[in-house]
Peer 1: 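Before I ask anything, here is the structure I am working with.
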Amino acid sequence: MALPGPPPARVFAELIPTPAPAPAPALVPARRGGSLAPPPGREVHVSGSAELSVGPDRARVSVRLGSRKGAAGEARSSVSRRLEYIAQSARQRGVPEENMTVTEDFSRVENTYQMEAEVCIIFSDFGKMQNVCNLLIEKLGTSVTISPPHFYHTPEAVDTLRRQVCVAAVGNTRRKAQEVCRLFGQSLGKPLLIREEETKEWGGHIDSHLSNSSDSLTLQERIQNATAYASCRVFAVFEIKGKENRRNKLL
């Protein structure tokens, strides 16, 4: 049985040769130096890629508390005092009011009244988040339960990552084209075509109320797990201007 042929080679850069000139071609004088401008149609085709990552820009922390008393007013009062302290502590450390959500549940359990509440706080500054959580643990102790922070990305942060990785890929492609031209003593001209061929995204979490990380992870491990990655590959065609200027090369 005959062995299959070798796989086709992958071309990362391609210098398009100058088409055969017509008889007695008319060369256009260059504007500087008296040399003649190169004939049209000379191009370099290249592909380039880039990969970037960005950490989460938001963290959600849930603080749960409750009270069971024989009198309804006592149960409500016990929870209300702690709720006010939690909200005040967050506000004093720069957390906007709209970033705090409070839910309450009041019920009758046998011969007692039970009041339960949950405060969800969204932080954009992780240092402030740690300060608030440490303060609540110090002042309220076991009377509150603080969930591990859930890190995620806002849609705006993901869109920014997509734009940045595309721009980075285009920049890498242009630098590759410049190096190819310099190898042959040519000067790179203007872009004639830039096409985004492939984009990939992985990792990271979009806004969600459910945490998918283990409670045993450290803060840095949670941030790392929530880091988003993106890659982009582009194809570009650049004009070849002609011989490289030696003076500019030395500069």
Side-chain angles (χ1 to χ4, degrees), residues 53-162 201-230:
S53 64
V54 63
D57 62 326
R58 293 291 187 276
R60 179 183 291 105
V61 173
S62 175
V63 183
R64 298 182 179 89
L65 58 154
S67 178
R68 182 184 294 185
K69 302 288 184 179
E74 293 180 1
R76 288 182 181 275
S77 176
S78 174
V79 172
S80 296
R81 288 195 302 269
R82 282 175 286 168
L83 282 177
E84 179 57 31
Y85 182 80
I86 294 170
Q88 181 181 1
S89 300
R91 285 194 300 267
Q92 289 177 346
R93 283 152 184 82
V95 178
E97 193 73 34
E98 58 269 21
N99 284 8
M100 292 183 282
T101 304
V102 179
T103 56
E104 300 179 358
D105 180 62
F106 186 74
S107 60
R108 182 76 181 266
V109 180
E110 297 179 350
N111 295 326
T112 62
Y113 295 91
Q114 180 171 289
M115 180 71 177
E116 294 181 330
E118 180 181 15
V119 184
C120 288
I121 309 175
I122 297 176
F123 294 91
S124 57
D125 186 320
F126 301 157
K128 292 180 180 179
M129 175 195 70
Q130 289 183 288
N131 292 337
V132 172
C133 292
N134 292 340
L135 177 66
L136 297 180
I137 292 174
E138 178 185 352
K139 299 299 184 181
L140 301 180
T142 57
S143 67
V144 296
T145 302
I146 302 177
S147 68
H150 171 61
F151 296 98
Y152 64 93
H153 295 82
T154 57
E156 293 79 11
V158 176
D159 288 341
T160 300
L161 174 62
R162 291 168 181 161
E201 298 176 14
W202 65 97
H205 307 311
I206 304 300
D207 189 1
S208 171
H209 289 275
L210 299 178
S211 175
N212 48 9
S213 301
S214 171
D215 291 346
S216 62
L217 295 179
T218 66
L219 191 67
Q220 291 301 321
E221 288 172 338
R222 288 177 174 276
I223 293 177
Q224 182 62 40
N225 283 351
T227 297
Y229 299 84

Peer 1: Mind checking ring-ring contact (aromatic ring centres under 6.0 Å, His included) for Phe106 and listing every partner two or more places apart, or none if nothing turns up?
Peer 2: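 Per chain and number, Phe106 pairs via ring-ring contact (aromatic ring centres under 6.0 Å, His included) with Tyr113.
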Peer 1: Enter the distance from Arg222:CZ to Asn225:CG here, rounded to the nearest 0.5 Å.
Peer 2: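 Output value for this atom pair is 8.5 Å.
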Peer 1: Using only atom types and a distance under 3.5 Å, with no angle test, would you say the side chain of Ser147 pairs donor to acceptor with the backbone of Ser62?
Peer 2: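 It does hold such a pair.
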Peer 1: Once you round to the nearest 0.5 Å, how far does CG of Asn134 lie from CE of Met129?
Peer 2: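 Reported value, rounded in 0.5 Å steps: 9.0 Å.
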Peer 1: Compare every heavy atom of Glu201 with every heavy atom of Ala230, then report the nearest pair and how far apart it is.
Peer 2: CB-CG, 4.2 Å
Peer 1: Atom CD1 in Ile121, atom CZ in Arg60: separation rounded to 0.5 Å?
Peer 2: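 It comes to 11.5 Å.
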Peer 1: Quick one: salt bridge (charged side-chain N to carboxylate O under 4.0 Å, His left out) pairs with a partner in residues 90-111, sequence neighbours left out?
Peer 2: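 Applying salt bridge (charged side-chain N to carboxylate O under 4.0 Å, His left out) to every pair that reaches into residues 90-111, excluding sequence neighbours, yields Glu84-Arg91, Arg91-Glu97.
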Peer 1: If the plane angle is over 60° it's perpendicular, under 30° parallel, otherwise tilted; pick one for Trp202 and Tyr229.
Peer 2: parallel
Peer 1: Could you list all the salt bridge (charged side-chain N to carboxylate O under 4.0 Å, His left out) pairs where at least one residue sits in residues 133-155, not counting sequence neighbours?
Peer 2: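 Pairs touching residues 133-155 that pass the test: none.
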Peer 1: Minimum heavy-atom separation for Thr154 to Asp57, with atom names?
Peer 2: OG1-OD2, 2.7 Å
Peer 1: First locate atom CZ of Arg58, then atom NE2 of His150, and finally report the distance between them rounded to the nearest 0.5 Å.
Peer 2: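 Arg58 CZ to His150 NE2: 13.0 Å, rounded to 0.5 Å.
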Peer 1: If you compare all heavy atoms of Ala226 against all heavy atoms of His153, which two are closest, and at what distance to 0.1 Å?
Peer 2: O-CE1, 2.6 Å
Peer 1: Please round to the nearest 0.5 Å and tell me the distance separating atom OG of Ser107 and atom CE of Met115.
Peer 2: 9.5 Å
Peer 1: Just to verify, what does Asp159 make a salt bridge (charged side-chain N to carboxylate O under 4.0 Å, His left out) with, not counting sequence neighbours?
Peer 2: Arg162
Peer 1: Return the minimal non-hydrogen interatomic distance between Ala90 and Val132, and the atom names on each side.
Peer 2: CA-CG2, 4.3 Å
Peer 1: Which atom pairs, one a donor and one an acceptor, fall under 3.5 Å between side chains of residues 74-83 and the rest of the protein, sequence neighbours left out?
Peer 2:
unit_1, atom_1, unit_2, atom_2, d
Ser77, OG, Arg81, NH1, 2.8
Ser78, OG, Arg82, NH2, 3.0
Ser80, OG, Arg76, O, 2.8
Arg82, NE, Ser78, O, 3.2
Arg82, NH1, Ser143, O, 2.9
Arg82, NH2, Gly66, O, 3.0

Peer 1: Is any side-chain heavy atom of Leu136 less than 4.5 Å from a side-chain heavy atom of Tyr85?
Peer 2: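 Yes. Closest side-chain heavy atoms under 4.5 Å.
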Peer 1: On a heavy-atom basis, which atom in Leu219 and which in Pro149 lie closest, and how many Å separate them?
Peer 2: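 Here Leu219 and Pro149 meet closest at CD1-CG, 3.6 Å.
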Peer 1: Applying salt bridge (charged side-chain N to carboxylate O under 4.0 Å, His left out) as the test, list every pair that has at least one member in residues 113-130; sequence neighbours left out.
Peer 2: Arg64-Glu118
Peer 1: What is the minimum heavy-atom distance between Ile146 and Cys133, and which atoms define it?
Peer 2: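 Heavy atoms only, the tightest pair is CD1-O, 3.8 Å.
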Peer 1: To the nearest 0.5 Å, how far apart are CD in Glu221 and OG in Ser216?
Peer 2: 7.5 Å
Peer 1: For the pair Ile86 and Val102, evaluate side chain to side chain contact (heavy atoms under 4.5 Å, CB included) and give the outcome as yes or no after the intermediate values.
Peer 2: CA-CA 11 Å; Ile86 294 170; Val102 179; over 6 Å; no
Peer 1: For a side chain to side chain contact (heavy atoms under 4.5 Å, CB included) check, start with the C-alpha distance between Asn131 and Phe123, then their side-chain angles and the critical distance, and finish with the verdict.
Peer 2: CA-CA 11 Å; Asn131 292 337; Phe123 294 91; over 6 Å; no
